[in-house]
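Worksheet: one structure, shown below.
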Amino acid sequence: MDRQLKRNKPKRKTSILSYWTLQYFLILCIGFTIIVAGALYWIRTTSIEKSLKTAQLLGFEIAEKVTGADNKLHIPPDLDRLVDKRVKLFNTDNYFCIMVLDNNNQLIYSKPKMTQEDVYYRLSDDLHEPRNKKFAGVTVNITDDNLTLGKVWVMQSKKSITYNPEAMLVVCLIFGALILCGWFTIYLLSRKLSKPIRQVAHAAEQIRNGNYEVNLDLNTREREMNELVVSFREMSIRLQQLEEWRALSLAGVSHELKTPVTSIKGLVMAVRDDIVNPQEGKEFLDIALKESERMVADLLDYNAMSVGSVAVRNERIDLNLLVGEIIYQWKIAYENQSPEIELHTPSGTLYTIGDTLRIQQIIVNLLNNGLQATASGQAAVFHIHLRGEEEKLFIDVRDNGTGINMEDQPKVFERFYRGEIKKRHTRGLGLGLTYSQLLARAQGGELSLTSSSPEGSLFTLTLPRWSAPDKTGKESSYRVAANA
């Protein structure tokens, strides 16, 4: 059990700046260590070769000096002075030595002073190479008329050849500077790349917490990073829109159910309490059935409505008859509040092209708003005027409510907007007028606030007018396009 808990322990997280800077620094150190090792090996090998060539030249010069007459070796008096001058060219230590041996391998000259035993100690048994591998040496034969008289040995330690403190310090400083420059470069690059990533991560955290209004004002030169920022900004806007539509859909469903359920409830209660006679009760039940059918139709169409597209039926409607039925049904639902409605219709019949259920929804919503705006203790009074022009019909709905403030009037059709007075007195989400206007436009009409004052408000619903068939027998109808 303890092993499992230990195995599932989350790994410690680190920032992208620290992670990549540390990773690159380690890679840089390993890479430069390999380079330095190779460079030191090359320097060591080159230094040994150059030093041995220089030692060989010194051996040739000494061999010329000690060649004497009668095929015998002769040590000139100034040989020590010559050797001291030439030794300055070497990086010498205690192991540096020069030996002159005759054909019998007997020591006749050395620098520094040495004995024959020292010769055997420094050279191998056959006297052909240094006894210790830590030393390097060259030998030059002393000849006179193609006759070998002896040999000159120049020996020094390999350490003195390859190890130069000043050179090593310079090499270390150069490679140290390169490592620091490389680290600083990757640090700046990682910091530049991590900055937009950090801001995107912070914005993602804000979105996770429900705040979709993130600020990503970044404009980087890197195309990929810029595309990431732009895509994330567009994604946050899209998520905000989807969240608004989700809330709007939920609120819209609630709002759509409120009116028909209230109407059905009032009709059924009237029948249950025997307020109406059997004939009227049957009529009330028929109205309740129609309301339930309309509610189901509204729910089926709400998905299209929530995305700004409303499907409506195009049929010829007797507007006088329809508005009269709407008023009758609405007064029954609110009979306990005793609202008064005066319907003013012109002489003759007004026909429109539209959707009966949608028009009913708009007018009912206007009546509900007027009833809510009525002052406490005051009876609600409505005046509904029907009028027509050549191509349009108008339904004016006037109430005697408290009116809408001047600063609130331009915003009454905005989603979720509710004036301060309405917020304090009534509950709701501010969607009724928004949907009513959407429904009006979907039928080729318009809903507008004509006027408002402390004495009441006047809303005007405009609808297209149906025209009679032309002479060719074809009916000219007004085609309604769904409005987004």
Side-chain angles (χ1 to χ4, degrees), residues 34-172 174:
I34 296 174
I35 293 174
V36 168
L40 290 178
Y41 177 79
W42 176 79
I43 291 173
R44 181 176 181 272
T45 305
T46 305
S47 298
I48 291 176
E49 291 179 357
K50 290 182 178 180
S51 181
L52 292 178
K53 288 181 179 180
T54 304
Q56 190 175 25
L57 293 175
L58 177 60
F60 281 124
E61 189 174 4
I62 294 175
E64 291 179 359
K65 291 289 184 182
V66 299
T67 302
D70 300 330
N71 297 326
K72 293 183 179 180
L73 298 178
H74 173 71
I75 306 300
D78 61 345
L79 184 59
D80 285 339
R81 184 172 58 86
L82 174 66
V83 171
D84 290 338
K85 289 181 179 180
R86 300 296 185 264
V87 167
K88 293 180 180 180
L89 300 175
F90 296 87
N91 183 25
T92 62
D93 56 9
N94 294 332
Y95 297 97
F96 181 82
C97 67
I98 299 174
M99 297 179 293
V100 179
L101 306 178
D102 60 12
N103 282 333
N104 298 321
N105 294 321
Q106 296 297 313
L107 179 66
I108 62 174
Y109 176 82
S110 65
K111 186 70 175 183
K113 296 299 181 180
M114 300 171 55
T115 64
Q116 188 66 35
E117 294 181 357
D118 293 332
V119 174
Y120 296 136
Y121 173 77
R122 290 179 179 267
L123 298 178
S124 62
D125 293 339
D126 56 3
L127 302 178
H128 288 163
E129 61 182 0
R131 184 178 296 274
N132 195 330
K133 298 299 182 181
K134 295 181 179 179
F135 304 107
V138 293
T139 179
V140 177
N141 291 328
I142 304 172
T143 60
D144 186 19
D145 295 333
N146 296 326
L147 180 64
T148 301
L149 304 179
K151 61 181 67 174
V152 179
W153 271 96
V154 181
M155 294 181 59
Q156 55 188 326
S157 66
K158 294 180 180 179
K159 180 179 180 182
S160 65
I161 298 174
T162 58
Y163 180 74
N164 188 334
E166 291 78 9
M168 294 295 295
L169 180 61
V170 171
V171 171
C172 293
I174 290 175

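Residue indices begin at 1 and follow the sequence shown. Quick caveat, the model's predicted, so the values are computed rather than measured. Computation of the quantities below employed the complete heavy-atom set of this structure, encompassing side-chain atoms and omitting hydrogens, waters and symmetry-equivalent molecules.
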Item to check | CA sep, side-chain torsions, deciding dist, call: K151, V140, side chain to side chain contact (heavy atoms under 4.5 Å, CB included) | outcome: CA-CA 5 Å; K151 61 181 67 174; V140 177; over 6 Å; no

Roughly how far, to the nearest 0.5 Å, is the [atom2] atom of [Y] from the [atom1] atom of [X]?
{"X": "I75", "Y": "I108", "atom1": "CD1", "atom2": "CD1", "value": "4.0 Å"}
{"X": "L107", "Y": "K113", "atom1": "CG", "atom2": "NZ", "value": "9.0 Å"}
{"X": "T46", "Y": "K50", "atom1": "OG1", "atom2": "NZ", "value": "6.5 Å"}
{"X": "Y121", "Y": "L123", "atom1": "OH", "atom2": "CG", "value": "12.0 Å"}
{"X": "S110", "Y": "W153", "atom1": "OG", "atom2": "CH2", "value": "15.0 Å"}
{"X": "R122", "Y": "M155", "atom1": "CZ", "atom2": "CE", "value": "6.0 Å"}

Next on the checklist: Quick one, V152 and I142 - any side-chain contact, counting heavy atoms below 4.5 Å?
Outcome noted: yes

Checklist entry - Can you find a heavy atom in the side chain of P112 that is under 4.5 Å from one in the side chain of C97? => result yes

Using every non-hydrogen atom in the two residues, find where [X] and [Y] come nearest and quote the distance to one decimal.
{"X": "L52", "Y": "A136", "answer": "CD2-CB, 4.0 Å"}
{"X": "A63", "Y": "N141", "answer": "CB-O, 4.3 Å"}
{"X": "L101", "Y": "L73", "answer": "O-CD1, 4.1 Å"}

Next on the checklist: Test of understanding: with salt bridge (charged side-chain N to carboxylate O under 4.0 Å, His left out), list the residues that count as partners of K111, not counting sequence neighbours.
Outcome noted: D84

Donor-acceptor contact present, side-chain [X] to main-chain [Y], <3.5 Å:
{"X": "D78", "Y": "R81", "answer": "no"}
{"X": "N104", "Y": "Q106", "answer": "no"}
{"X": "Q116", "Y": "N105", "answer": "yes"}
{"X": "N103", "Y": "T148", "answer": "yes"}

Checklist entry - Could you go step by step and tell me if Y120 and T115 meet the side chain to side chain contact (heavy atoms under 4.5 Å, CB included) rule? => result CA-CA 9 Å; Y120 296 136; T115 64; over 6 Å; no

Checklist entry - Pairs in or reaching into residues 125-141: which pass salt bridge (charged side-chain N to carboxylate O under 4.0 Å, His left out), with residues at least two apart or in two chains? => result D125-R131

Next on the checklist: For V154 and F96: C-alpha separation, side-chain torsions, deciding distance, then whether side chain to side chain contact (heavy atoms under 4.5 Å, CB included) applies.
Outcome noted: CA-CA 8 Å; V154 181; F96 181 82; 4.1 Å; yes

Item to check | side chain to side chain contact (heavy atoms under 4.5 Å, CB included) evaluation trace for K65 with L82 | outcome: CA-CA 10 Å; K65 291 289 184 182; L82 174 66; 3.7 Å; yes

